[in-house]
Structure formats: C-alpha cells, structure tokens
Amino acid sequence: MSNIVILTGAGISAESGLGTFRDEGGLWAQHRIEDVATPEGFARNPQLVHDFYNARRAQAAEAEPNAGHVALAELEAKHTGHVLIVTQNVDSLHEKAGSKNVIHMHGALSGALCHACDHRWAAPPSMSPNDPCPRCAAASTRPDIVWFGEIPYAMEQISVALSEADVFVSIGTSGEVYPAANFVADADQYGAHTVELNLEPSAGASRFAETRFGPASQIVPEWVTDELSR
Ligand code: OAD
C-alpha cells in the first residue's frame with residue numbers, strides 16, 4: 001500500500017483548452033502579473049481583476065477534463081493506497097473527472113472570498129467589486145484565488161502528505177513558482193520516489209529521480225497504467 005502525492009499545474013489542463021501561464025503566448029504574456037494576480041493590483045483596480053477572473057471562470061466552465069485528468073481519477077479509484085492531488089490549478093477539471101481527494105493550493109475560480117470577514121461562498125459566474133458579502137454585507141468580495149505575495153492554502157496538510165509519500169509525481173508545471181517548486185525536494189528528503197511528467201524538462205527536472213516527457217493526455221495514462229500494475 002503506497003501513498004501517492006501528485007502535484008499538478010497548468011500543463012495538465014492545456015489539452016482541455018485552458019492556456020498555461022509561461023508557455024509562448026501564455027496568460028502572463030497577455031496580462032501583467034502585478035495587475036491581475038497580486039493584492040496590490042486588486043486594491044488599485046478591482047474591476048480589472050474581476051474581469052480577468054470572470055473571463056477565466058467562463059472559459060473553465062466550458063472546458064472538459066482530458067485523458068490526463070481521467071487517468072488520475074482512475075488511479076485514485078483503483079489504487080490500494082492513498083492518492084492525493086495537490087493542484088496549483090484554479091479550474092475544477094480534476095473534480096469533473098471524478099477525483100475526490102484534491103487540494104487547491106492556489107484557490108479556485110469556483111470560490112468567492114470576503115476581504116472584510118474572510119467568509120467564503122460559491123462564486124457566481126460573474127463577480128463584481130460591489131457584490132455584497134452574504135455574511136457581513138461588505139462590498140469587498142474577491143475571487144478565492146491565492147495571489148503572488150500570499151500564502152498558499154493547506155500548507156501544513158501538504159507538508160504532512162509529502163512526509164508520508166512513497167511516490168511524488170509532478171505533472172505539467174514549470175517549477176518556477178514556490179513553494180510548489182520545492183515539493184520534490186521535500187518528498188525526496190523523506191524518501192519518496194520522485195517523477196516528473198511534463199511536455200518538456202521543467203526548471204527543476206534534474207531534481208527528479210524519473211522523468212517522462214510528452215503531452216499529459218498521453219504520458220499520464222501511461223504512467224497510471226504502470227503504477228496500477230506495480
Ligand atoms: P506554467 O505555465 O508556468 O507551466 C506549465 C508547464 O506545463 C510548462 O512546463 C509546460 O512545458 C507544460 N505543458 C504545457 N502543455 C503541456 C501538455 N499538453 N502536457 C504536459 N505538460 C504541458 O504553469 P504552472 O507551473 O502551473 O499561480 O504555474 C504555476 C503557477 O504560476 C500557477 O498556479 C499560477 C501561475 O502564476 C498563481 O496565479 C498564483
């Protein structure tokens with residue numbers, strides 16, 4: 001019975017039609033991080049930030065999981081040990097594919113958060129800066145997304161999972177953003193077998209014991225088949 005911890009990034013959703021951040025023509029080539037993904041940007045121009053996430057929410061609502069997401073859900077259903085997905089993605093494609101054990105460390109487009117009282121609720125399809133909080137009525141709602149300069153969610157739970165992992169797999173992430181980029185080192189330190197599945201070698205590829213390169217829709221199902229036959 002092995003514990004498997006899987007870190008996913010934008011690359012696993014690329015073939016579902018959702019753009020990545022740092023690939024050519026990616027989201028960060030079209031938008032300034034400082035404007036749409038920082039608390040300071042939100043304070044300067046909340047409407048711009050809501051427009052950005054409203055558009056992404058609408059796009060994500062149309063997207064369907066691909067064979068990579070489906071294979072991970074199958075792994076969770078069939079593996080005799082524990083499977084945890086820690087995703088940096090704000091879409092819900094893992095859940096749509098049937099995965100149950102998912103941590104959204106960078107938040108989710110499906111959530112709204114009150115800046116004033118920290119209340120969380122389901123985000124409507126389109127949010128605006130004047131939406132009142134259902135609990136305290138303050139007009140300071142924001143998407144429940146972790147921005148640069150903020151602390152990712154569930155870090156303690158993730159640290160414990162990494163310390164107990166027998167296998168750590170990183171899928172479709174560039175390894176440019178911390179603390180997620182350090183999970184491979186943490187898992188390795190605790191003795192996990194570490195695997196990178198990515199279109200091409202990421203910034204941290206040399207830190208993994210095993211690497212497989214190609215589109216997620218192909219290499220994730222292949223890896224899952226191998227893992228289930230072990
Ligand atoms: P990036 O855009 O930085 O990296 C995407 C990775 O996916 C790259 O290494 C690509 O080579 C790979 N890739 C692209 N298409 C693929 C495919 N079809 N199959 C497999 N791999 C593919 O995205 P992330 O690493 O997820 O944070 O970015 C991490 C964080 O930076 C995001 O969560 C977001 C962003 O700024 C916040 O917004 C807080």
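Remember, it's 1-based here, ligands and their atoms both numbered in the order they're listed. Since the model is a prediction, treat every value here as computed from it, not as a measurement.
For ligand 1, the 4.0 Å heavy-atom shell contains residues Gly9, Ala10, Gly11, Ala14, Glu15, Thr20, Phe21, Arg22, Asp23, Trp28, Gln88, His106, Val146, Phe148, Gly172, Thr173, Ser174, Val177, Asn198, Leu199, Glu200, Gly214, Pro215, Ala216.
For residues 190-209, no pair satisfies ring pair (Phe, Tyr, Trp, His ring centres under 6.0 Å), with sequence neighbours left out.
Partners of Lys78 according to the side-chain contact (heavy atoms from CB on, under 4.5 Å) rule, which considers only residues two or more places apart in sequence or in another chain, are Glu74, Leu228. Residues satisfying the side-chain contact (heavy atoms from CB on, under 4.5 Å) test with Ala165, not counting sequence neighbours, are Val5, Ala192.
Taking the six-membered ring where the residue is Trp, the centroids of His106 and Tyr153 are separated by 6.0 Å or more.
Side-chain polar atoms of Glu15 and Ser217 form a donor-acceptor pair below 3.5 angstrom. If you check the side chains of His69 and Ser13, you find a donor sitting under 3.5 Å from an acceptor.
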